[in-house]
Amino acid sequence: MPQQRYKLTIAYRGTKYHGWQWQAANEFYKGPPVAEGHGIPTIQETVGRAVKEVVRHPIRLVGSSRTDSGVHAKGQVAHFDTDQTQIPPEGLRRAINAALPDDIVVRSVEPVPDSFDAIASTTSKRYQYLIWNAEERPPFFCDLAWYRWQPLDAVVMAEAGAHFIGERDFASFARPGHKRENTIRNVTACDVSRRREMIVVGIEGGGFLWNQIRIMVGTLVEIGMGKYPPGRIAEMMAALDRRAAGPTAPPQGLYLQWIKYS
């Protein structure tokens, strides 16, 4: 039977999951026991099993971005191949969603050429980071934003964010152990805006290092608190040392907003 490649656009609340990437249970896993042949709860594991249930054969689900534990997505992209081409894309989408838990939804299913690759075909990604900046914490979505009661100056944070834009060496803004020989990345946008109690940081680029977005946000928050002037970003960048930059923001405020392809 002829094979067809499908592109999935997926949204998920990452609170209950150990990131995107499939992982076997190990001595560090403290959750409920997993069935034989299953991995610990991840998005790739959960979506892959739902797709398999619908097409009734093993599939290889390839995701564009390996989001970390607790990180969310509005527009994650993945692909898989199947010979079950008699199922219309919309029927496929509905059937997969029926097999998924409530905190994951497939937003679209599109047939694509075999040359499409969720990883290799990516040209740019945009992440959002949400900060709840008010005296009182948000009891109804504490897993969806970073609560900071200290007053933050969003205008100063935006000024600092402009120093990230361009093709630069982000070694100071990568978690040690990232295993990447090249730490040069191109950030095409870094904007900060306030929407009442919420501060929204948007960062766009061709690709990012391990924890890069969260370290950038943690640094912007310290600048917004007045610990450093906006121009200090340039000195941090030049140091090529993780210790020169600010803290790593927690995962619950981070969202993969969208991914663009050639």
Side-chain angles (χ1 to χ4, degrees), residues 5-14 19-21 43-44 47 61-68 70-80 104-131 154 157-175 178-193 195 199-220 233-234 236-237 245 248-249 251 253-262:
R5 179 160 293 184
Y6 288 97
K7 171 189 172 186
L8 305 181
T9 302
I10 310 165
Y12 50 84
R13 185 176 188 151
W20 165 267
Q21 192 73 10
I43 303 297
Q44 187 180 39
V47 176
L61 186 68
V62 178
S64 176
S65 182
R66 295 185 178 185
T67 52
D68 291 336
V71 173
H72 320 289
K74 300 177 181 181
Q76 170 72 285
V77 174
H79 78 255
F80 73 94
I104 305 175
V105 65
V106 175
R107 302 178 69 181
S108 67
V109 175
E110 307 167 57
V112 291
D114 291 346
S115 58
F116 175 84
D117 186 285
I119 299 174
S121 302
T122 300
T123 57
S124 63
K125 301 177 182 181
R126 182 175 175 87
Y127 286 85
Q128 277 187 332
Y129 196 99
L130 305 186
I131 303 165
M157 292 170 67
E159 183 183 344
H163 291 275
F164 286 123
I165 298 174
E167 188 173 74
R168 307 183 188 283
D169 193 328
F170 282 89
S172 296
F173 294 86
R175 178 174 171 174
H178 54 75
K179 298 180 181 179
R180 298 296 178 93
E181 293 182 7
N182 183 359
T183 52
I184 295 174
R185 295 294 183 271
N186 185 25
V187 172
T188 54
C190 183
D191 46 82
V192 182
S193 61
R195 305 173 189 176
I199 291 178
V200 182
V201 182
I203 300 174
E204 183 179 337
F208 300 95
L209 299 163
W210 192 12
N211 283 177
Q212 180 182 335
I213 301 290
R214 289 164 57 190
I215 296 169
M216 290 169 66
V217 170
T219 304
L220 290 176
I233 295 289
M236 295 176 178
M237 199 89 69
T248 304
L254 184 59
Y255 297 74
L256 174 57
Q257 187 176 5
W258 51 248
I259 301 171
K260 289 183 178 179
Y261 292 90
S262 56

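None of the values given here were measured: they were computed from a predicted structure.
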Quiz item: Would you say the ring centroid of Phe208 lies under 6.0 angstrom from that of Tyr127?
Solution: yes

Quiz prompt | Straight-line distance of Lys7 NZ to Thr9 OG1, nearest 0.5 Å | solution = 5.0 Å

Exercise. Ignoring hydrogens and angles, tell me if any N or O in the side chain of Thr248 forms a donor-acceptor pair with the backbone of Ile215 under 3.5 Å.
Key: no

Quiz item: Does a side chain donor of either Gln257 or Lys125 reach within less than 3.5 Å of an acceptor in the other side chain?
Solution: no

Quiz prompt | Any donor-acceptor N/O pair, His72 side chain to Gly14 backbone, under 3.5 Å | solution = yes

Quiz prompt | Parallel, tilted or perpendicular: rings of His79 and Phe116 (30°, 60°) | solution = perpendicular

Quiz item: Does a donor on one side chain sit under 3.5 Å from an acceptor on the other, for Ser124 and Tyr261?
Solution: no

Quiz prompt | Value rounded to 0.5 Å, distance of CD1 in Ile233 from OG1 in Thr219 | solution = 5.5 Å

Exercise. To the nearest 0.5 Å, tell me how far Leu8 CG sits from Leu61 CG.
Key: 6.5 Å

Quiz item: So which pairs with a foot in residues 200-211 pass side-chain hydrogen bond (donor to acceptor under 3.5 Å, both in side chains), sequence neighbours left out?
Solution: Asp68-Asn211

Quiz prompt | Leu209 side, atom CG; Met216 side, atom CE - distance, nearest 0.5 Å | solution = 10.5 Å

Quiz prompt | Phe80/Tyr6 aromatic ring centres below 6.0 Å | solution = yes

Exercise. Could you pull out the closest heavy-atom pair between Ala160 and Leu220, with the gap in Å?
Key: CB-CD2, 3.7 Å

Quiz prompt | Partners passing side chain to side chain donor-acceptor pair (under 3.5 Å) against Arg185 (at least two apart in sequence or in another chain) | solution = none

Quiz item: Between CH2 of Trp258 and CD of Gln128, what distance do you get to the nearest 0.5 Å?
Solution: 10.5 Å

Quiz item: Is Arg126 paired with Asp191 through a side-chain N to carboxylate O contact shorter than 4.0 Å?
Solution: yes

Practice problem: Please round to the nearest 0.5 Å and tell me the distance separating atom CZ of Arg66 and atom CD of Gln44. | Solution: 8.0 Å

